[in-house]
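The structure appears below as structure tokens.
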Amino acid sequence: MDWFKQHHQRHAFRQPDVPSGAPPPEWAPAVEQSFTYGLQNEASNESYEEALDFCERHPVESSTILPSRTVADIDSNGCSEWRIQSHDSSPGIVVHNSDRKGGLSQIRSRVGCPDTCLLSNLPIVAGQYHFPNDGGVYFEITVNKMTDPSKGGVIAIGTTCRPYPSWRLPGWNRLSAGLHLDDFHKFFEDPEGGRPCFPLGSPPITSVVGHTIGCGYSFSTGAMFFTIDGQRLPDAFTGIYLQNRSGIDVYAAVGVSGECDVSVNFGGMSFKWLEGNEWRWRVDRQVRKLGDDVGEQEELPAYSAC
């Protein structure tokens with residue numbers, strides 16, 4: 001906790017003022033030094049070239065309105081409807097989504113598992129729906145196990161649009177952002193070594209096992225931030241996903257490599273970052289109101305435990 005107090009005294013978080021009617025800020029590279037190579041693990045050139053080819057052949061999906069059945073389920077179950085999806089191209093990974101109320105998504109990967117990116121079943125930023133002027137969306141992962149980074153272990157948390165090359169970690173390709181926990185470098189559309197999340201020193205934890213890492217996104221500023229055990233870090237990026245945001249859907253993304261065990265919480269259980277438990281940061285808030293209804297007063301749902 002002492003590290004966080006000292007860090008925030010030097011770099012206190014301030015939400016920038018956004019004048020009404022002003023155009024959204026454009027994304028710009030972070031000021032930290034950019035690395036050509038990661039500190040721990042590197043993807044192959046072949047992986048990079050295949051990802052470029054994949055993105056050329058598969059354009060970004062346009063935003064869509066959720067099926068009425070899905071909306072009804074969200075009305076009934078809230079944030080518990082969000083979960084991590086598995087896919088057939090990742091035989092070395094098992095995803096278990098609890099059917100119990102408030103259940104978590106559990107990701108387990110085997111020894112030797114290659115870089116793999118898993119996405120949420122539903123968007124956490126939905127282009128066809130109303131963007132409130134406050135808050136945003138937030139989710140957390142808890143690391144139960146991760147192979148030592150020196151032996152190829154990586155876990156990453158972030159966001160991306162569909163389709164995304166499943167063999168690439170979050171943040172490496174188009175419209176994707178991520179924090180990689182092997183070296184605490186942050187990435188946005190950055191296929192190289194990323195930028196340090198802690199440019200003034202070492203991360204406050206030497207191992208991520210047993211710790212909870214969160215990812216948040218602000219609707220008004222397009223800022224993405226991360227948390228460690230409930231403590232919010234300075235913004236990692238600002239101005240992302242604001243250009244043509246009504247035309248895209250953004251999904252939660254969790255990346256793994258090597259033997260890992262990760263629990264993903266979309267709000268079914270209480271967050272370590274206490275502010276994330278407020279309604280204005282819930283993933284099920286935005287999709288309760290279509291974008292065409294901006295002129296109407298936003299209604300809060302009746303209280304129910306997720």
Side-chain angles (χ1 to χ4, degrees), residues 13 24-35 38 43 48 51 54-55 60-61 63 82 84 115-120 122-127 131 136-141 154-199 203 208 213-228 232-245 247-257 262 264 266 273 276 281 283 286:
F13 170 78
E26 293 187 2
W27 175 81
V31 297
E32 298 87 3
Q33 176 188 358
S34 177
F35 285 75
Y48 168 74
F54 175 93
C55 291
V60 175
E61 293 180 0
S63 59
W82 274 257
I84 293 295
D115 294 342
T116 305
C117 185
L118 300 167
L119 308 184
S120 57
L122 299 173
I124 59 173
V125 181
F131 285 88
V137 289
Y138 179 77
F139 70 101
E140 290 181 343
I141 65 172
V154 183
I155 293 174
I157 179 175
T159 56
T160 191
C161 296
R162 293 181 185 268
Y164 188 78
S166 61
W167 63 94
R168 300 283 287 175
L169 296 180
W172 279 349
N173 289 92
R174 67 176 180 204
L175 294 175
S176 183
L179 175 64
H180 294 195
L181 304 185
D182 59 329
D183 55 11
F184 278 96
H185 278 198
K186 57 186 180 179
F187 298 76
F188 181 74
E189 297 184 336
D190 184 348
E192 298 185 338
R195 299 168 187 269
C197 198
F198 301 92
V208 295
I213 313 297
C215 175
Y217 175 78
S218 168
F219 287 141
S220 63
T221 63
M224 178 167 290
F225 61 90
F226 299 99
T227 66
I228 299 179
R232 179 171 174 170
L233 305 177
D235 290 345
F237 307 104
T238 58
I240 64 175
Y241 300 131
L242 291 183
Q243 306 298 319
N244 189 34
R245 67 177 178 179
I248 59 173
D249 287 332
V250 182
Y251 295 80
V254 178
V256 294
S257 185
V262 187
V264 186
F266 288 105
W273 183 53
W281 291 103
V283 294
Q286 186 204 6

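As the structure is a prediction and not an experimental result, all values here were calculated from the model.
Nearest heavy-atom pair across G158 and C215 is CA-SG, 4.1 Å. Between P196 and H185, the shortest heavy-atom contact is CA-CD2, 3.6 Å. In plain terms, the two heavy atoms of L122 and S120 that are nearest each other are O-OG, 2.7 Å. Looking at every heavy atom in both residues, T160 comes nearest to R174 through OG1-O, 3.9 Å. When all heavy atoms of C161 and V250 are compared, the pair lying nearest together is SG-CG2, 4.0 Å. A177 approaches F237 most closely through the heavy-atom pair CB-CE1, 4.2 Å.
Under the 4.5 Å side-chain criterion, counting only non-hydrogen atoms from C-beta, P165 is not in contact with W172.
With values rounded to the nearest 0.5 angstrom, R168 atom CZ is found 12.5 Å from T116 atom OG1. Between W167 atom CH2 and C117 atom SG the span is 11.0 Å, to the nearest 0.5 Å. Remark: I213 CD1 to L233 CG distance equals 8.0 Å, nearest 0.5 Å. Y251 contributes atom OH, which lies 13.0 Å from atom CG of L175 (distance to the nearest 0.5 angstrom). Between the CD atom of E189 and the CG atom of N173 there is a distance of 9.0 Å, given to the nearest 0.5 Å. F198 CZ to K186 NZ: the interatomic distance, rounded to the nearest 0.5 Å, is 10.0 Å.
A search for ring-ring contact (aromatic ring centres under 6.0 Å, His included) contacts involving Y241 returns Y217, not counting sequence neighbours. By the ring-ring contact (aromatic ring centres under 6.0 Å, His included) test, F139 is found to be paired with F266, residues two or more places apart in sequence or in another chain being considered.
Looking only at distances, a side-chain donor or acceptor of D249 sits under 3.5 Å from a matching main-chain atom of G127. Not one N or O on the side chain of H180 forms a donor-acceptor pair closer than 3.5 Å with the backbone of V154. Under the 3.5 Å distance criterion, the side-chain polar atoms of T159 are left unmatched by any main-chain donor or acceptor of A252.
Summarising the local packing, OH of Y48 is surrounded by 12 or fewer heavy atoms from other residues, nucleotides or ligands at distances under 6.0 Å.
V254 pairs in a side-chain contact (heavy atoms from CB on, under 4.5 Å) with only one of the listed residues (L119, I84, L169), which is I84. Among the candidates W273, F219, F226, W82, the single residue satisfying the ring pair (Phe, Tyr, Trp, His ring centres under 6.0 Å) test with Y138 is W273.
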| request: Step by step, work out the side chain to side chain contact (heavy atoms under 4.5 Å, CB included) result for T221 and T238. | output: CA-CA 6 Å; T221 63; T238 58; 5.6 Å; no
